[in-house]
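One structure is given below, encoded as structure tokens.
Each chain gets a letter, A, B and so on, in the order its sequence line appears, and its residues count up from 1. Keep in mind it's a predicted model, so treat the numbers as computed, not measured.
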There are 2 protein chains.
Amino acid sequence: MRKKYTIKDIANAAGVSIGTVDRVLHNRGKVSKKALLSVNNALKEFNYKPNPIARTLKNNTVYIIKVLLPDSAKDPFWLPGKEGIEEVMEEYGAFDIDISVHYYNPADSKSFLDIGFGLLGQHIDAFLFVPLFEKESDLLLDELKNKDILTGTFNSFHGGTVDLYVGLDLFMSGRVAAKLMADALKAPSKIALVHIDEESTNAVHLREKERGFRQFFKEMQDYEVITLAIGASGFEQKFAAFIEDEGVGGIFVTTSKVYRIVKALKALGKTKVVVGYDLLEENIKALQSNDIKFLIHQSPKLQASLGLKGLVDNLLLGKELSKKSLLPIQIINSENVESYLY
Amino acid sequence: MRKKYTIKDIANAAGVSIGTVDRVLHNRGKVSKKALLSVNNALKEFNYKPNPIARTLKNNTVYIIKVLLPDSAKDPFWLPGKEGIEEVMEEYGAFDIDISVHYYNPADSKSFLDIGFGLLGQHIDAFLFVPLFEKESDLLLDELKNKDILTGTFNSFHGGTVDLYVGLDLFMSGRVAAKLMADALKAPSKIALVHIDEESTNAVHLREKERGFRQFFKEMQDYEVITLAIGASGFEQKFAAFIEDEGVGGIFVTTSKVYRIVKALKALGKTKVVVGYDLLEENIKALQSNDIKFLIHQSPKLQASLGLKGLVDNLLLGKELSKKSLLPIQIINSENVESYLY
DNA sequence: TTAAAAAATGTGTACGTTAACACGTTTTAC
DNA sequence: GTAAAACGTGTTAACGTACACATTTTTTAA
């Protein structure tokens, strides 16, 4: 039975007290060269790793973590994200952390700023948020850095320096969509790329997907891609006109609002190859009725929970945080969708 | 700042000592009705959760865990599984657990038995293994149950009672493959389903995939599915004869040996729609050169690490173990494969 | 009523790590 | 040459929980 080595074993082996070993471990100085050497030798020999459990025990501060999410009441895409956060809160319920979640209106950059800055009054250890708005996120990030708060973001990649980011390679997801589309449509074909978004908020986000999509087809013959950008409210007329004019065979929707396209197509009595994003309830229905061919799953729940876990594990256990972790791009069709719903 | 409640807070609130609270928490009896009541009230009021960290600290036994895997030298499919185990070992390196990994020959049920039973000489707390062989796994499982050892399995579902299982819904994965195939091949079409397997070992395994595949096409018109079962060694001739005779448009391979089919097809100068399993290096190459249309990813690494983590977390932190957890069925094409390789 | 037995409760120590503190030794400053 | 500062080192009391053991209270029996 392998013995577990403790700081005491190291101290014995090095012929010093645990106090000295501890000072070496934490670079707290006040150690003679001789002691330092023998301690380091012992550490290496036993491949000693401090017990993280005993370590946190001593640390009796309660870490304060704030999470700022887009309100899922405004956009159901954020519902899984909320759930992910709640699961982590439950899981870490017994630890010395105080996580609180706050919501902003994803269609209103002012609400993001108001609520975000509103949270900075008290002492905070870590801040996790979705940087939907670029400029506003910069402002917030500056302030967070100023106050020396650990920062994490997910879903939207933000150029600035955050301590942790979880997300997808959106460009690549565009290529994936393109490949699926090319599989389904014989050349020559015309394909519509549709951005459905009220705000210019998601612009960067959606533009990345478009770049990937177009880049794929640039390498192919006889495919034409045309872009349509419309607001989410009352886009039906515009879309109808668009679809009548252009003889498109497939539609790639860069947001989770694909189901709206499906509905509009049904109203017009048309059938197209539709590819879009995210496992919203309505999208799943359309997938199962074969009105959507593929969905790309952005795993918002996983993104949120990994983000929060990353911050917590860093604070609590001193685990390293991965500056940028990219999740796999998951392809969903009518048959495997169920396996994502457990 | 929210205070973290400890057993001491509960004791104070209930007007008893921490010893009494502890007895209540562990149902160790020797508590008066009155005390029981007031403690339970306090527990509820504060929503008290014992600090799992302080708890394990006290428990100074080293848990012994054995992992028994098919040898990745014999079948590269098991390489990621090995890696997953190693990562978990690294992650939990500082804890009081002693994990050792052992390997059996996936083509030899005797080696499974020999090595498996050979491990049972000393005291063991948990045993994680891949139950490739049904009868032999039953034997081992009986013995494990006898000795009151925590059991976990992954990858192959085994009817018997294990404490934890991680895997895929193989039937559903067959359906997914079928759907992808149907998308790619216009009816009427003939599709070959190929089992490449030396042993009858994987029979149940592969049969499930076949069931799902066939069931999907039963619901469709004008598709015919024919099955070919061949050994892994020297199947080229048989396969060549088969492919000449039958006018198949697509080939679904139920194992990770798809790349062999691709090679054989190339040698024959033929092109088919090929769908198979697993991200072996050679399969990935074939995917990227468009010789394989789709792969289904069984996430062996994740399966292994989730399995081991489940056992460890149960032993160490008393976390519940999920009797049966099914991973999502992941569809891989030439574009998203890279996102799985980080 | 009282002694003994049983039941209920409290106390103390340990787990591994941390960090404040105390102590002894050496160096520095005047 | 002496006082003060600097340095190296060991000791000890926490952190929250668990459990053996000691102590107190209640019940039972004579």
> Rounded to whole angstroms, how far apart are NZ on B/K8 and P on D/dT17?
Replying inline: 10 Å
> Is the number of heavy atoms from other residues, nucleotides or ligands within 6.0 Å of NZ (A/K145) greater than 12?
Replying inline: yes
> Which nucleotide in the list D/dT17, C/dT9, D/dT9 gets nearest to the side chain of A/S17?
Replying inline: D/dT9
> What integer distance in Å separates A/L316:CG from D/dC15:C1'?
Replying inline: 13 Å
> Expressed in angstrom and rounded to an integer, what is the separation of B/N12 atom CG from C/dG10 atom P?
Replying inline: 11 Å
> With respect to the phosphate group of D/dG8, does any side-chain polar atom (N or O) of A/T20 fall under 4.0 Å of OP1 or OP2?
Replying inline: no
> CZ of B/R23 versus C1' of D/dC19: gap in Å, rounded?
Replying inline: 9 Å
> Counting just side-chain N and O atoms, does B/R55 come under 4.0 Å of either OP1 or OP2 of D/dA18?
Replying inline: yes
> Can you tell which of D/dA18, D/dG10, D/dG16 lies closest to the side chain of B/N51?
Replying inline: D/dG16
>> Using the rule given for side-chain contact (heavy atoms from CB on, under 4.5 Å), can you reason through A/V130 versus A/F154, listing the C-alpha separation, both sets of side-chain angles and the distance that settles it, and then say yes or no?
In response: CA-CA 5 Å; A/V130 178; A/F154 67 96; 3.5 Å; yes
> What integer distance in Å separates A/I7:CD1 from D/dG10:P?
Replying inline: 13 Å
>> With heavy-atom distances below 4.5 Å as the criterion, would you say the side chains of A/I124 and A/K147 are in contact?
In response: no
>> Please compare B/A54 and B/V16 by the position of their nearest nucleotide in DNA chain C and report the one closer to 5'.
In response: B/V16
> Contacts to DNA chain C from residues 24-37 of chain A, heavy-atom cutoff under 4.0 Å, which residues?
Replying inline: A/H26, A/R28
> Quick one: are A/T6 and A/N51 in side-chain contact, heavy atoms under 4.5 Å?
Replying inline: no
> Nearest to the side chain of B/I18, which nucleotide is it out of C/dG12, C/dG10, C/dT17?
Replying inline: C/dG12
> Got a sec: does the NZ of A/K74 have more than 12 other heavy atoms crowding it under 6.0 Å?
Replying inline: no
> Atom CG of A/D9 and atom P of C/dC15: how far apart are they, to the nearest Å?
Replying inline: 11 Å
> Once you round it to whole Å, what is the distance between P of D/dA13 and CG of A/D22?
Replying inline: 17 Å
> Rounded to whole angstroms, how far apart are CG on A/L57 and P on C/dC15?
Replying inline: 14 Å
> Taking OP1 and OP2 of C/dT17, is either one under 4.0 Å from a side-chain nitrogen or oxygen of A/Y48?
Replying inline: yes
>> Between A/I85 and A/L128, is there a side-chain heavy-atom distance shorter than 4.5 Å?
In response: yes
>> Does any part of the side chain of A/Y92, heavy atoms only, come nearer than 4.5 Å to the side chain of A/L308, both counted from C-beta?
In response: no
